[in-house]
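Both backbone and side-chain heavy atoms feed into the values below; hydrogens, waters and symmetry mates do not.
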Amino acid sequence: MRRIMRLQQVKIFAPNMEQMHVVNHLSGSPTEEKRNVLVESARIARGNIQDLADLKVSEFDAVIFPGGFGVAKNLCSWAVDGKDCTVNNIVKATLQAFHSAKKPIGLCCISPVLAAKVFPGCEVTVGQDKNVGGRFPDAETATAIQELGCKHVCKDVGESHVDSTNKIVTTCAFMCKAPLHEIFDGIGTMVGEVLKLA
């Protein structure tokens with residue numbers, strides 16, 4: 001039996017907005033510098049990026065939101081407001097458009113909180129709801145997700161969770177203090193499950 005793999009075309013998008021603040025990652029302290037999310041994302045993506053406002057859902061089979069603390073500071077206000085946060089209007093509209101089109105949504109690290117805010121009743125994971133062995137220092141995020149009326153499913157770093165009703169796939173990534181190869185494996189399972197649903 002021959003296995004045929006589809007070639008996946010990937011495009012990268014980011015919102016055109018000012019960052020909440022810029023952090024010197026060597027010292028861990030905020031700086032006075034100002035940066036734009038789209039411009040900074042272009043640096044990371046090597047320039048091959050577009051404004052999120054220009055994304056057309058009809059041209060894509062799925063969407064994946066990588067995590068990182070920038071999600072909690074720029075794509076929503078979770079870093080400051082927790083479960084009472086607001087989600088950036090363009091990010092919210094993008095998530096709602098993919099959901100309405102019944103196209104899969106992948107979210108990792110802290111980004112599952114976006115789904116928890118936008119889709120009440122959905123199922124997500126950010127890892128564990130207890131700081132098991134010191135590996136899940138942000139375990140209280142799971143409790144906040146439940147307080148939003150969503151179901152948090154406990155998973156280890158190498159696993160992902162599929163909410164088949166909403167076509168939402170999540171994994172905890174850096175919400176777990178784990179070796180990079182374990183985080184990589186978990187993100188890989190999330191991407192794989194998104195592609196299965198696409």
Side-chain angles (χ1 to χ4, degrees), residues 1-17 37-68 70-72 74-76 78 87-127 145 148 150-153 155 157-175 182-198:
M1 183 162 99
R2 209 170 90 206
R3 184 174 174 193
I4 300 171
M5 293 185 67
R6 293 184 302 173
L7 178 62
Q8 305 302 323
Q9 297 287 326
V10 175
K11 292 195 177 174
I12 304 171
F13 295 84
N16 188 2
M17 59 184 280
V37 172
L38 180 59
V39 172
E40 189 64 6
S41 298
R43 181 183 64 79
I44 296 166
R46 307 275 196 240
N48 188 14
I49 195 166
Q50 296 171 43
D51 189 333
L52 184 60
D54 297 331
L55 187 152
K56 294 178 178 58
V57 176
S58 60
E59 297 176 0
F60 296 92
D61 296 319
V63 66
I64 293 177
F65 281 77
V71 169
N74 299 309
L75 302 191
C76 68
W78 189 276
V87 177
N88 171 280
N89 288 335
I90 296 171
V91 171
K92 184 176 182 179
T94 301
L95 288 165
Q96 289 172 329
F98 274 88
H99 189 260
S100 295
K102 299 191 180 340
K103 294 182 176 184
I105 300 167
L107 303 148
C108 69
C109 196
I110 190 64
S111 67
V113 301
L114 298 172
K117 281 299 289 188
V118 176
F119 307 118
C122 71
E123 299 176 3
V124 298
T125 189
V126 289
I145 286 168
L148 287 169
C150 298
K151 180 178 179 182
H152 180 267
V153 181
K155 294 285 184 175
V157 68
E159 302 174 306
S160 58
H161 176 70
V162 179
D163 175 347
S164 53
T165 301
N166 291 294
K167 288 193 163 186
I168 296 171
V169 186
T170 52
T171 190
C172 67
F174 287 94
M175 295 295 280
E182 291 182 17
I183 294 166
F184 177 86
D185 289 346
I187 294 170
T189 67
M190 182 267 293
V191 172
E193 293 295 340
V194 166
L195 294 177
K196 283 181 197 174
L197 291 172

Checklist entry - For D185, what residues pass the side chain to side chain contact (heavy atoms under 4.5 Å, CB included) criterion, not counting sequence neighbours? => result none
Checklist entry - Considering all heavy atoms of both residues, which atom of C109 and which atom of V126 are nearest to each other, and what is their separation? => result O-CG1, 3.7 Å
Item to check | Intermediate values then yes/no, side-chain contact (heavy atoms from CB on, under 4.5 Å), L38 and M17 | outcome: CA-CA 7 Å; L38 180 59; M17 59 184 280; over 6 Å; no
Checklist entry - Do side-chain atoms of D51 reach the backbone of D54 as a donor and acceptor pair under 3.5 angstrom? => result no
Checklist entry - Excluding sequence neighbours, so at least two apart, what forms side chain to side chain donor-acceptor pair (under 3.5 Å) with T94? => result none
Checklist outcome for this item: For E193, the salt bridge (Lys or Arg N to Asp or Glu O under 4.0 Å) test, sequence neighbours excluded, returns K196
Next on the checklist: Restricting to non-hydrogen atoms, name the atom on L75 and the atom on P15 that form the minimum distance, rounded to 0.1 Å.
Outcome noted: CD2-CG, 3.6 Å
Checklist entry - Between G127 and C172, which heavy-atom pair has the shortest distance, and what is it? => result N-CB, 3.3 Å
Checklist entry - Is there a side-chain contact between I12 and Q50 (heavy atoms, below 4.5 Å)? => result no
Checklist entry - Does a side-chain heavy-atom distance below 4.5 Å link I90 with N16? => result no
Checklist outcome for this item: From the list V91, T170, V71, side-chain contact (heavy atoms from CB on, under 4.5 Å) partner of F65 resolves to V91
Checklist entry - For R46, which residues count as a salt bridge (Lys or Arg N to Asp or Glu O under 4.0 Å) partner, sequence neighbours excluded? => result none
Item to check | Nearest non-hydrogen partners of A116 and L148, listed with the distance | outcome: CB-CD1, 4.0 Å
Checklist entry - Does the side-chain contact (heavy atoms from CB on, under 4.5 Å) test come out yes or no for V153 and V124, once each step is laid out? => result CA-CA 6 Å; V153 181; V124 298; over 6 Å; no
Checklist entry - Counting N and O atoms only, with roles assigned by atom type, does the side chain of T125 sit under 3.5 Å from a partner on the main chain of T171, one being a donor and the other an acceptor? => result no
Next on the checklist: Within the structure provided, determine whether E123 and I168 are in side-chain contact (heavy-atom separation under 4.5 Å).
Outcome noted: no
Item to check | Any side-chain heavy-atom pair of V194 and I64 under 4.5 Å | outcome: yes
Item to check | Non-hydrogen side-chain atoms of V39 and S41 separated by less than 4.5 Å | outcome: no
Checklist entry - Is there a side-chain contact between L95 and F119 (heavy atoms, below 4.5 Å)? => result yes
Checklist entry - Closest heavy-atom contact between P120 and C150? => result CA-SG, 4.1 Å
Item to check | salt bridge (Lys or Arg N to Asp or Glu O under 4.0 Å) between E40 and R43, worked out | outcome: CA-CA 5 Å; E40 189 64 6; R43 181 183 64 79; 2.6 Å; yes
Item to check | Shortest non-hydrogen separation from C122 to A115 and the atoms involved | outcome: SG-O, 3.6 Å
Item to check | Residues in salt bridge (Lys or Arg N to Asp or Glu O under 4.0 Å) contact with E182, at least two apart in sequence or another chain | outcome: R135
What donor-acceptor contacts under 3.5 angstrom involve side-chain atoms of residues 98-108, with partners at least two apart or in another chain?
unit_1, atom_1, unit_2, atom_2, d
H99, NE2, N166, OD1, 2.9
S100, OG, Q96, O, 2.9
K103, NZ, V57, O, 2.9
K103, NZ, F60, O, 2.6

Item to check | Inter-residue atom distance C76.SG - K117.NZ, 0.5 Å rounding | outcome: 9.0 Å
Item to check | Donor-acceptor contact below 3.5 Å, side chain H161 vs main chain K155 | outcome: no
Item to check | Side-chain touch N88/N74, heavy atoms, less than 4.5 angstrom | outcome: no
Next on the checklist: Could you check whether any side-chain heavy atom of D163 comes within less than 4.5 Å of a side-chain heavy atom of V169, counting everything from C-beta outward?
Outcome noted: no
Checklist entry - Can you list the steps and then say if D61 with L197 is a side-chain contact (heavy atoms from CB on, under 4.5 Å)? => result CA-CA 9 Å; D61 296 319; L197 291 172; over 6 Å; no
